[in-house]
Amino acid sequence: MGIRIGKVSLWHVHAWDYIGQAQAHPDTEITAVWDEIPERGREAAERLGVPYHDTLDELLASDEVDAVIVDAPTNRHKEVMIAAARAGKHIFTEKVIAPTEAEVDEIIAEVQQAGIKLTVSLPRLNDGYTLAIQDILERGLLGQVTYVRARLSHDGALANWLPEHFYNAEQCGGGALIDLGCHPMYLSALFLGEPITGVSANFGYITGKEVEDNALATLFTASGAIASVEAGFINAYSPFTVEVHGTEGTVLYGTPDSKLLLRSKKDEAAAEWIEQSLPANRESAFEQWVRHIQEDTLASENIASAIQLTRLMEAANRSAKTGTVVSPQELNR
């Protein structure tokens, strides 16, 4: 029997993307829908040809649901995921797990208690350029990493294609940084390769929304390495960009083409800028989730990255509010 999935909310812009992944996977199917906005949920259920449940508890009690895809408002993740875990349903969720580390800790404790499988959508960890950069770092071609820059931006607040609720501070827990900035944040932490000791953030409000539409977070480490995490909703032509600089070399991606360029003192073949081949993408986070359910394994690295992501986002939000550098390790002390 395949894995029967309940769709828990269609609040997030990627909700239908995950439905598509579930429909495309040979071992999964969507069997039920619940949404905090009944009209939206009923429309989705009708489109999918599956039952709509008036309450989340009703969906979670269904014998036709083995697992859930959570795309609820960020401020409801704790409520929704704890209920799903207690009902014994596996969970695939849009990032972030929750807006604060304290909430994440409660969710993870319930997930572990229930023995269900949790995987978080951190898609760029699985892309070929990420795998290639990791390989370059592992081979020591950059020497000691000194600086990372990662940028992701679009014009959603200018062209008005983002849903209006994406500017709701209570529901989202923030704006450009917690939405788009999640991706450069977890990539920067990965490429730095050492604990982050401080976070400083500055937010801009160009379109006058309730949440920031322009964001910069700076990550600090004990070695002196620094990362610049950039995100925005107000840029017409701003390519996704990754730079990793070190004492012996530099690797660049997406400036603006989808090419990976390496220059390294430790490799004669890369004494000048040389384009690197990219491996195929690793299986998606959704595919990994299905495999963990089927094989009774844990998404340990994924969950560790997701926990760290919330910690860094919470630190960045606090820094932007207070104008201080915030230590992620001291958030809940």
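For this chain, numbers begin at 1 and follow the sequence in order.
Classification of Asp71 and Lys7 as a salt-bridged pair holds, one side-chain N sitting under 4.0 Å from a carboxylate O. Ion pairing between a basic and an acidic side chain is recognised when a charged N comes within 4.0 Å of a carboxylate O; Lys117 and Asp296 show such pairing. Contact check on Glu103 versus Lys78 returns no salt bridge, with no Lys/Arg side-chain nitrogen under 4.0 Å from an Asp/Glu carboxylate oxygen. Between Arg4 and Glu29 no salt bridge is recorded (no basic side-chain N to carboxylate O distance below 4.0 Å). Using a 4.0 Å cut-off between charged side-chain N and carboxylate O, Lys266 and Glu248 make no salt bridge.
At least one donor-acceptor pair under 3.5 Å links the side chain of Thr310 to the backbone N or O of Ala98. With hydrogens and angles ignored, the 3.5 Å screen pairs no side-chain donor or acceptor of Asp155 with any backbone N or O of Ile234. Ser258 contributes no side-chain N or O that, together with a main-chain N or O of Gly254, makes up a donor-acceptor pair within less than 3.5 Å. Not a single donor-acceptor pair under 3.5 Å links the side chain of Thr250 to the backbone N or O of Arg263. A donor-acceptor contact shorter than 3.5 Å is absent between the side chain of Thr221 and the backbone of Pro195. Glu212 places a side-chain N or O within donor-acceptor distance of the main-chain N or O of Gly175, the cut-off being under 3.5 Å. Under a 3.5 Å cut-off, the side chain of Ser305 and the backbone N or O of Glu301 do form a donor-acceptor pair. Counting only distance, with no hydrogens or angles, the side chain of Glu210 and the backbone of Ala169 share a donor-acceptor pair below 3.5 Å. Side chain of Arg282 to main chain of Leu125: a donor-acceptor pair is present (N/O by atom type, distance under 3.5 Å, no hydrogens or angles). When atom types are taken as modelled, the side chain of Thr241 and the backbone of Thr255 share no donor-acceptor pair closer than 3.5 angstrom.
In this structure, His245 and Tyr147 have tilted ring planes: the angle between them lies in the 30° to 60° band.
Between Phe286 and Tyr18, the ring centre distance reaches or exceeds 6.0 Å. Aromatic ring centres of His90 and Trp289: separated by at least 6.0 Å. The aromatic ring centroids of Phe240 and Tyr129 lie less than 6.0 Å from each other.
Considering only heavy atoms from C-beta on, Thr218 stays 4.5 Å or farther from Ser228 through its side chain. For the pair Ser238 and Arg151, the minimum side-chain heavy-atom distance is below 4.5 Å. Counting heavy atoms from C-beta outward, Ile107 and Ile91 have side chains that stay 4.5 Å or more apart. Looking at heavy atoms from C-beta onward, Trp16 lies in side-chain contact with Leu10 at the 4.5 angstrom threshold.
Minimum heavy-atom separation, Ala306 to Val120: CB-CG2, 3.7 Å. Counting all heavy atoms, side chain and backbone alike, Leu309 lies closest to Cys182 at CD1-O, 3.7 Å. Pairing each heavy atom of Glu194 with each of Ala222, the nearest pair is OE1-N, 4.0 Å. Contact detail for Ile178 and Gly173: the closest heavy-atom pair is CD1-O, 3.7 Å.
Under the ring pair (Phe, Tyr, Trp, His ring centres under 6.0 Å) test applied with Phe166, the options His154, His12, His14 reduce to a single match, His12. Considering Ile136, Thr130, Leu137 in turn, Thr130 is the only one that fulfils the side-chain contact (heavy atoms from CB on, under 4.5 Å) rule with Gln134. The side-chain contact (heavy atoms from CB on, under 4.5 Å) with Asn126 is formed by just one residue from the set Glu287, Glu283, Gln288; it is Gln288.
Connection of Phe220 to Val145 is not established within any shared hydrophobic cluster, with ILVMFWY side chains joined at heavy-atom distances below 4.5 Å, either directly or through further cluster members. At a threshold of 4.5 Å between side-chain heavy atoms, the hydrophobic network of Ile, Leu, Val, Met, Phe, Trp and Tyr places Ile82 and Val80 in one connected group. Residues Tyr205 and Leu177 fall within the same hydrophobic cluster, defined by Ile, Leu, Val, Met, Phe, Trp and Tyr side chains chained together at heavy-atom separations under 4.5 Å.
Trp11 does not carry Arg76 over the face of its six-membered ring by the limits of under 6.0 Å from the centre and within 45° of the normal.
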inquiry  = Working note: Leu261 + Ile274, criterion side-chain contact (heavy atoms from CB on, under 4.5 Å); need CA distance, chi angles, decisive distance, verdict.
reply    = CA-CA 5 Å; Leu261 302 175; Ile274 299 295; over 6 Å; no
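More than 12 heavy atoms of other residues, nucleotides or ligands sit less than 6.0 Å from atom CD of Gln294. For Asp257, the CG atom is densely surrounded, since the number of other residues' heavy atoms within 6.0 Å is greater than 12.
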For residues 38-46, which side-chain N or O atoms pair as donor and acceptor with protein atoms under 3.5 Å away, sequence neighbours left out?
from: Arg40; atom 1: NE; to: Asp35; atom 2: OD1; distance (Å): 3.3
from: Arg40; atom 1: NE; to: Asp35; atom 2: OD2; distance (Å): 2.9
from: Arg40; atom 1: NH2; to: Asp35; atom 2: OD1; distance (Å): 2.9
from: Arg40; atom 1: NH2; to: Glu36; atom 2: OE2; distance (Å): 2.8
from: Arg42; atom 1: NH2; to: Asp54; atom 2: OD1; distance (Å): 3.4

